[in-house]
Number of protein chains: 2
Amino acid sequence: MDGQKVRNMEEFAALSGISRPTLSKYFHDPDSVRNSTREKIELALSEHDYRPNIFAINQNRRTTNNIGIVVPFLADPFFAEIARNLEQRCIAAGYAPMLFSAHGDPALECEILDSLRQQKPAGVLLAPLGRASDRKHVEKFVADVPTVVFDNNLPDMGSSFVGMDNTQSMRMLVEYLCASGSPPNFFEMRVAVNPNVNRRRNAYIAAMEALGHTPEIIRVDGDGWEFEEIGRQGGLTAFATGRFTSDTILCSNDRLAIGLLSAAFTSDIKVGRGPNARLRIAGHDDHPFSRFTCPSLTTVSQDYASMSDKSLEILMQMIDSEHQAQSQKDFLFDGILTKRASA
Amino acid sequence: MDGQKVRNMEEFAALSGISRPTLSKYFHDPDSVRNSTREKIELALSEHDYRPNIFAINQNRRTTNNIGIVVPFLADPFFAEIARNLEQRCIAAGYAPMLFSAHGDPALECEILDSLRQQKPAGVLLAPLGRASDRKHVEKFVADVPTVVFDNNLPDMGSSFVGMDNTQSMRMLVEYLCASGSPPNFFEMRVAVNPNVNRRRNAYIAAMEALGHTPEIIRVDGDGWEFEEIGRQGGLTAFATGRFTSDTILCSNDRLAIGLLSAAFTSDIKVGRGPNARLRIAGHDDHPFSRFTCPSLTTVSQDYASMSDKSLEILMQMIDSEHQAQSQKDFLFDGILTKRASA
DNA sequence: CCCTAGATTTTACGCGCGTTAAAATAAATG
DNA sequence: CATTTATTTTAACGCGCGTAAAATCTAGGG
């Protein structure tokens with residue numbers, strides 16, 4: 001390729017000896033032109049390295065090649081990991097992912113959706129903030145743009161959802177903990193950041209009662225996304241005031257559990273399933289760091305890969321069928337019990 | 001505002017009674033029109049909610065309102081946190097951040113830069129992969145687009161750099177560790193992922209020698225970005241084979257230290273500065289999770305806020321002065337010794 | 001060799017906004 | 001009130017590409 005800059009498709013048409021409309025077809029779908037002309041184009045392409053102007057393209061197409069990925073808090077490694085999975089799958093599917101984080105701020109979430117809308121994305125993968133989300137705003141967006149909601153559903157919104165079956169996973173955890181030791185207390189934040197949290201609590205209660213045990217819930221104060229710190233502070237006071245009624249604590253999520261582990265360590269309470277351990281702790285989500293805590297954290301894994309695949313699969317269906325009978329469905333994945341050293 | 005969709009600026013001009021060129025000026029800079037007309041426009045805006053088509057705008061402007069943020073691995077909470085800082089500051093400065101992660105893949109890094117270039121961003125904040133980066137590719141990009149490199153410099157590239165002073169921080173750590181106990185071994189990965197790693201090792205050596213101690217470096221195998229796992233595996237074998245010559249281990253970064261902590265726990269080696277602890281471990285970077293490890297990790301903090309501010313400040317200067325005498329400078333920040341329980 | 005379906009070229013218009021120059025108007029000045 | 005100065009309007013072109021219609025060409029089948 002040479003250094004001469006090709007200004008536009010017109011110029012490249014002259015250089016390659018192919019007409020502009022044909023080039024336009026080619027760039028939209030290389031397989032839509034005859035083999036011989038494709039070869040000519042690609043030859044010229046290798047000599048002049050021209051790329052069509054993306055803004056001019058997008059101005060004239062009804063929809064772009066972008067897929068928006070919106071998560072509530074990207075600095076949470078859990079979402080970072082999901083985002084990574086989704087991004088790579090988008091790329092593999094020939095789309096250009098655009099990643100956004102609401103940073104825990106509902107107003108920012110709205111702004112992101114607004115700016116995303118005018119970007120005319122082919123589709124959007126949205127993990128909403130949850131309780132804090134502006135429902136109406138999200139609803140409007142979902143109605144206009146092909147969207148798959150994931151991780152955390154806002155019910156009755158008319159969109160498909162991909163997430164995990166919290167009821168199944170919590171029951172599984174409770175049953176395991178009961179079978180291997182004392183029935184667990186449930187450790188959570190007082191303010192439920194999203195519907196998943198409520199589902200998990202309810203599933204805990206149901207599972208405990210089904211086994212003939214009395215549920216016991218410890219709620220800690222704190223707002224925001226600093227779950228570890230909240231779990232740590234809550235744990236410290238809970239230990240100090242003897243609020244736990246069991247030697248087994250099931251946490252609403254791994255980040256809280258990580259904080260609780262820290263509190264236990266500070267309080268000199270040995271955690272694990274060994275004979276001289278005084279406490280068992282379990283979490284939920286298989287946070288990327290859970291395998292490196294001391295002791296490593298027993299938890300429920302989400303199958304990132306399958307869930308990402310499913311999300312994109314559904315989104316692509318929506319894109320292809322152009323809003324046609326979206327058949328709005330929920331896809332719930334089973335969690336995988338991941339036994340480690342903490343319980 | 002009503003539901004009627006305003007198709008374009010022409011239509012909105014008719015509705016608002018303001019001519020299109022004036023509207024164009026207004027949307028570019030609301031303060032560039034007379035107060036009375038601005039009020040008229042904003043009144044009409046509140047009634048019809050029209051937003052200019054972003055693609056048409058960007059096609060005709062030489063540069064957009066976007067600032068690209070590129071990090072090597074977003075699933076690393078360290079970069080997630082930096083990205084969060086940078087994003088919020090971009091927004092505050094009136095820009096629209098676009099976040100990209102190379103996911104540890106040099107080819108992807110190149111693609112990101114290529115697609116970023118045709119996005120005509122106002123500027124780019126780039127943390128390169130490091131050793132794996134395609135230097136020439138990055139160099140070309142930096143020459144074309146106003147760019148501030150951060151976290152991890154590729155020297156002699158003609159761009160400004162904002163990062164921390166690894167020499168200062170390692171010396172500080174070494175001095176602290178020596179003053180409070182035995183001189184440390186240095187624990188790192190065999191393959192240096194980026195120049196920072198080399199600087200840290202050299203700084204360790206220099207600081208040790210300055211204090212009259214013999215440097216001792218333990219290198220562990222492993223490639224990729226799973227630092228915790230690498231640290232853990234390397235730690236396990238090092239403990240098993242007795243490769244450490246000191247009871248104090250200084251790790252090249254926090255993630256490695258987190259893995260080493262996990263290995264120590266598994267190996268039943270108590271870590272900390274208490275009387276019955278057998279090992280001290282320190283890290284570098286103040287990873288978001290370092291305060292929740294068991295024991296909490298002694299490390300060097302980077303001042304995310306100041307570094308983000310500085311990066312954007314320099315970038316804005318470059319944008320304003322339009323490539324004019326970039327005065328390419330490096331801005332190194334001192335680390336802050338953060339003493340916790342592990343050393 | 002002719003024929004025909006399918007591919008390509010020609011021609012021309014449209015997308016929504018940036019931008020400019022000249023003309024018209026409004027505000028500020030004395 | 002006349003004049004200067006700052007804004008706005010009018011009119012028109014350009015940006016780079018999508019796309020449609022008609023004309024022309026190509027390849028494969030008979």
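In what follows, chains carry the letters A, B, and so on, assigned in the order in which the sequence lines appear, proteins first and then strands, with residues in each chain numbered from 1.
Going from atom CD of A/Glu39 over to atom C1' of C/dA7 covers 15 Å, rounded to whole Å. The CD atom of A/Gln118 sits 13 Å away from the C1' atom of C/dG16 (whole-angstrom rounding). One atom, NZ of B/Lys25, and another, P of C/dG18, lie 13 Å apart when rounded to the nearest Å. The CD-P distance, from A/Gln59 to D/dT19, rounds to 12 Å in whole Å. Nucleotide C/dG18 holds its P atom 13 Å from the CZ atom of A/Phe55, rounded to whole Å. For the pair A/Asp31 CG and C/dA7 P, the interatomic distance rounds to 12 Å; values are reported in whole Å. For A/Arg62 and D/dC17, the CZ to C1' distance is 17 Å, given to the nearest whole Å. Rounded to whole Å, atom P of D/dG28 lies 10 Å from atom CG of A/Asn35.
With C/dT9, D/dG18, D/dT9 as the candidates, the nucleotide lying closest to the side chain of A/Met9 is D/dG18. Of the candidates C/dT19, D/dG16, D/dT8, C/dT19 carries the atom nearest the B/Arg61 side chain, counting heavy atoms from C-beta on. Among the nucleotides D/dT8, C/dT20, D/dG16, the one closest to any side-chain atom of B/Pro21 is C/dT20. Comparing C/dT9, D/dT9, C/dG18 by their nearest atom to the side chain of B/Thr22 picks out D/dT9. Taking every side-chain heavy atom of A/Arg34 into account, C/dG6 is the closest of D/dT8, C/dG18, C/dG6.
Of the side-chain N and O atoms in A/Ser19, none sit less than 4.0 angstrom from OP1 or OP2 of C/dT8. For C/dG18, the OP1/OP2 oxygens have a side-chain nitrogen or oxygen of B/Ser24 closer than 4.0 Å. In this model, the phosphate group of C/dT8 is approached by a side-chain N or O of A/Thr37 to a distance below 4.0 Å at OP1 or OP2.
A salt bridge does not link A/Glu87 to A/Arg84: none of the charged nitrogens lies less than 4.0 Å from a carboxylate oxygen. A salt bridge links A/Asp31 to A/Arg38: one of the charged nitrogens lies within less than 4.0 Å of a carboxylate oxygen. The residues A/Lys136 and A/Glu139 are annotated as not salt-bridged, no charged nitrogen and carboxylate oxygen being separated by less than 4.0 angstrom.
Remark on DNA chain D: of its neighbouring residues B/Arg38 and B/Asn60, the 5'-side contact belongs to B/Arg38, judged by nearest-heavy-atom nucleotide. Mapping A/Ser36 and A/Tyr50 onto DNA chain D via the closest heavy atom, the residue that lands nearer the 5' end is A/Tyr50.
Remark: B/Arg135 CZ is packed, more than 12 non-hydrogen atoms of other residues, nucleotides or ligands lying under 6.0 Å away.
A side-chain donor-acceptor contact under 3.5 Å links A/Glu109 to the backbone of A/Leu129.
For A/Arg20 against D/dG18, a side-chain N or O and a base N or O form a donor-acceptor pair under 3.5 Å.
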